[in-house]
Amino acid sequence: MQTSWADLATNSAPEIAGASNTTAPSRPVYVPPHLRNRGASASTESSSAPPPPNVSTDNNAGSRWGAPRNGWGNRSGGWDRREVNPFEDQENAAEEGGAAFGEEQGNTGINFDAYEDIPVETSGENVPPPVNTFAEIDLGEALNQNIRRCKYVKPTPVQRYGIPISLGGRDLMACAQTGSGKTAAFCFPIISGIMRGQGQPLQRPPRGARTVYPLALVLSPTRELSMQIHEEARKFSYQTGVRVVVAYGGAPINQQLRELERGVDILVATPGRLVDLLERARVSLQMIKYLALDEADRMLDMGFEPQIRKIVQQMDMPPPGARQTMLFSATFPKEIQSLASDFLSNYVFLAVGRVGSITDLIVQRVEYVQESDKRSHLMDLLHAQRENGVQGKQALTLVFVETKKGADALEHWLCRNNFPATTIHGDRTQQERELALRSFKTGNTPILVATDVAARGLDIPHVAHVVNFELPNDVDDYVHRIGRTGRAGKKGLATAFFNDNNASLARPLADLMQEANQEVPDWLSRYAARSTFGGGRNRRNGGGRFGGRDFRREGSFSRGGSGYYSTGNNSGGYGTSGGYGGGFGPGVTSAWD
DNA sequence: AAAAAAC
């Protein structure tokens with residue numbers, strides 16, 4: 001059941017009343033986005049929070065938001081009158097007669113047909129039912145307009161299921177990949193909730209000079225991913241009055257501080273920089289109403305657990321239950337389960353089949369290449385690729401290597417041989433990283449050599465070819481890497497260079513390719529058969545289509561009784577098919593059986 | 001073993 005605005009308003013009425021009636025006139029006044037930008041009755045009481053939000057004398061906050069009379073869809077909304085139009089690039093591209101790659105739909109269009117067969121499972125108490133259209137969700141006119149601007153026609157599975165869960169006020173543990181529409185799935189409820197006033201502070205910020213009090217926090221593992229989430233969130237919140245700020249390391253902190261001081265509702269951050277900001281007391285988490293952790297398993301892999309626990313449990317963030325938490329992870333191993341039980345309160349578990357990474361949209365090839373032959377072999381591939389350029393530009397090729405040094409060396413070699421290449425890895429300055437990514441995305445440098453910093457989450461449209469110049473040791477990393485192509489329903493090619501150094505990957509790689517209906521070379525099958533004694537040590541987590549399953553189903557947590565689990569696949573189309581977007585063989589029935 | 005992430 002969808003919770004209505006009236007219910008939400010009633011539930012939070014005491015908080016709102018408490019907050020707005022005890023206002024001492026001389027204090028900085030928090031004005032929720034839905035009350036901002038009402039006429040010109042500007043208050044000048046705060047000198048510490050420029051520009052001062054307009055304070056409305058109209059206390060009729062109960063008017064259904066989105067009502068046209070307030071006109072908060074107009075251009076000057078929110079904290080920041082100088083809000084830059086995040087859709088500008090896209091509009092310019094459209095005027096120039098299509099993007100650089102000759103698309104009519106801009107670069108955010110998603111081929112939704114590719115999502116039709118994706119299996120979805122939910123479990124937990126009283127799971128809110130999924131929706132089929134954005135129109136069924138009461139997101140408000142401003143947000144709806146941004147959805148149209150983004151050219152989203154139809155919600156993806158993680159959105160169909162996840163948004164009603166979050167809008168219903170529930171915590172969410174979601175197993176889903178990037179490329180599944182995750183960012184919108186957690187941004188829409190956050191933005192909508194803040195606009196509804198659900199993010200209203202329970203108490204005034206203390207007079208502490210330059211501390212800011214975001215209402216929502218989004219954590220992600222890499223700087224580039226944070227940037228990407230920020231860019232998307234800015235589109236979703238355009239002209240809603242909700243302000244999104246990003247903070248990550250490697251970039252000058254002063255600029256980020258200035259952005260924060262201009263006001264922040266949603267803070268997107270990498271853990272290290274956020275801890276820094278918290279220790280400097282420039283950010284306080286005491287007003288946090290929404291917490292989203294993206295790529296949680298990746299963050300743990302990278303050793304972020306202490307910092308994440310510090311941020312969530314040892315600073316001033318409200319406890320589970322007093323905030324709404326959304327935990328996203330591609331897999332659901334023990335460490336994530338423990339994070340889930342510590343950070344979430346009576347959550348709904350949602351698992352969405354892999355999207356865009358392991359479908360038949362990606363043609364996977366494995367070639368046996370000795371180390372000494374790899375460079376010339378790569379050159380052959382790139383020459384072939386050149387023929388496939390669109391509009392005079394070479395198709396984008398992403399080349400993965402294992403080490404930072406290896407990335408630099410390969411880039412230099414490619415450049416020396418007149419291949420336009422650049423590289424992204426952790427030893428480059430943030431400026432260099434961002435330049436490299438931009439240059440690659442625009443097609444100016446159509447070859448990008450990367451370490452695993454670029455393996456997860458990054459959404460680069462038009463990557464035609466992913467080359468695993470050096471294969472990772474973990475097949476999950478392979479899955480993430482090749483997922484950089486074949487995105488948004490488009491076709492992609494993934495080529496891997498395999499040799500004796502990758503013996504441990506033979507079995508899981510062959511299995512994976514078989515599951516995805518790919519042609520497995522005989523030599524690889526033989527290789528895999530030889531390494532059978534390995535005993536599946538490198539088998540993929542949980543086996544099958546989902547990254548994990550709700551461990552509460554497996555005993556300890558179970559409360560018995562009927563109706564505890566409610567599967568969400570009762571609304572035709574999802575979860576019922578035995579196949580997997582054509583990608584998985586008939587032998588696989590359901591990961592849940 | 002290497003990758004990532006704060007100054």
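All of these numbers come straight from a predicted model, not from anything done at the bench. Chain identifiers are assigned alphabetically (A, B, ...) following the order of the sequence lines, protein sequences preceding nucleic acid strands; residue numbering begins at 1 within each chain.
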Which whole-number value in Å describes the distance from [X] [atom1] to [N] [atom2]?
X        : N     : atom1 : atom2 : result
A:Arg280 : B:dA6 : CZ    : P     : 12 Å
A:Gln256 : B:dA6 : CD    : C1'   : 11 Å
A:Leu278 : B:dA5 : CG    : P     : 18 Å
A:Glu224 : B:dA4 : CD    : P     : 10 Å
A:Asp301 : B:dA5 : CG    : P     : 14 Å
A:His425 : B:dA3 : NE2   : P     : 9 Å
A:Met299 : B:dA6 : CE    : C1'   : 16 Å
A:Ile424 : B:dA2 : CD1   : P     : 21 Å

Please determine, for the side chain of A:Glu279, which listed nucleotide (B:dA6, B:dA3, B:dA5) has the closest atom?
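When the side chain of A:Glu279 is considered, B:dA6 is the closest of B:dA6, B:dA3, B:dA5.
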Of the nucleotides B:dA1, B:dA6, B:dA4, which has the atom closest to the A:Asn473 side chain?
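Of the candidates, B:dA1 comes closest.
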A:Thr325 vs A:Met173 side-chain heavy atoms within contact, under 4.5 Å
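No, every pair of side-chain atoms sits at 4.5 Å or beyond.
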Just by modelled atom types, is the A:Ser284 backbone N or O under 3.5 Å from a matching donor or acceptor in the A:Thr211 side chain?
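Not a single qualifying donor-acceptor pair exists.
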Indicate whether OP1 or OP2 belonging to [N] is found under 4.0 Å from a side-chain N or O atom of [X].
X        : N     : result
A:Thr222 : B:dA5 : no
A:Lys404 : B:dA4 : yes
A:Thr403 : B:dA1 : no
A:Arg298 : B:dA3 : no
A:Arg433 : B:dA5 : yes

Angle class for the A:Phe328/A:Phe186 ring planes (parallel below 30°, perpendicular above 60°, tilted otherwise)?
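Judged by the thresholds at 30° and 60°, the geometry between A:Phe328 and A:Phe186 is tilted.
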Do we see a donor-acceptor contact under 3.5 Å between the side chains of A:Gln364 and A:Tyr478?
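Yes.
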Can you give the donor-acceptor pairs under 3.5 Å from side chains of residues 304-311 of chain A to other protein atoms, not counting sequence neighbours?
from     : atom 1 : to       : atom 2 : distance (Å)
A:Glu305 : OE2    : A:Arg309 : NE     : 2.9
A:Glu305 : OE2    : A:Arg309 : NH2    : 3.3
A:Arg309 : NH1    : A:Gln313 : OE1    : 3.2
A:Arg309 : NH1    : A:Asp342 : OD2    : 2.8
A:Arg309 : NH2    : A:Ser338 : OG     : 3.2
A:Arg309 : NH2    : A:Asp342 : OD2    : 3.1
A:Lys310 : NZ     : A:Glu279 : OE2    : 2.7

Contacting residues from residues 303-316 of chain A, given that a heavy atom lies under 4.0 angstrom of DNA chain B
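Output list: A:Phe304.
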Would you please test A:Glu261 and A:Arg282 for salt bridge (Lys or Arg N to Asp or Glu O under 4.0 Å) and show each step?
CA-CA 9 Å; A:Glu261 282 178 21; A:Arg282 298 300 294 261; 2.5 Å; yes
Looking at every strand, decide which applies to A:Asp452 at a 4.0 Å heavy-atom threshold: base, sugar-phosphate, or nothing.
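Answer is nothing: A:Asp452 stays at 4.0 Å or more from every strand.
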Looking at every strand, decide which applies to A:Val275 at a 4.0 Å heavy-atom threshold: base, sugar-phosphate, or nothing.
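The answer is nothing, as A:Val275 stays clear of every strand by at least 4.0 Å.
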Quick one: list whatever passes side-chain hydrogen bond (donor to acceptor under 3.5 Å, both in side chains) with A:Gln430, sequence neighbours left out.
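A:Gln430: side-chain hydrogen bond (donor to acceptor under 3.5 Å, both in side chains) contacts with A:Arg223, A:Glu224, A:Arg433, A:Glu434.
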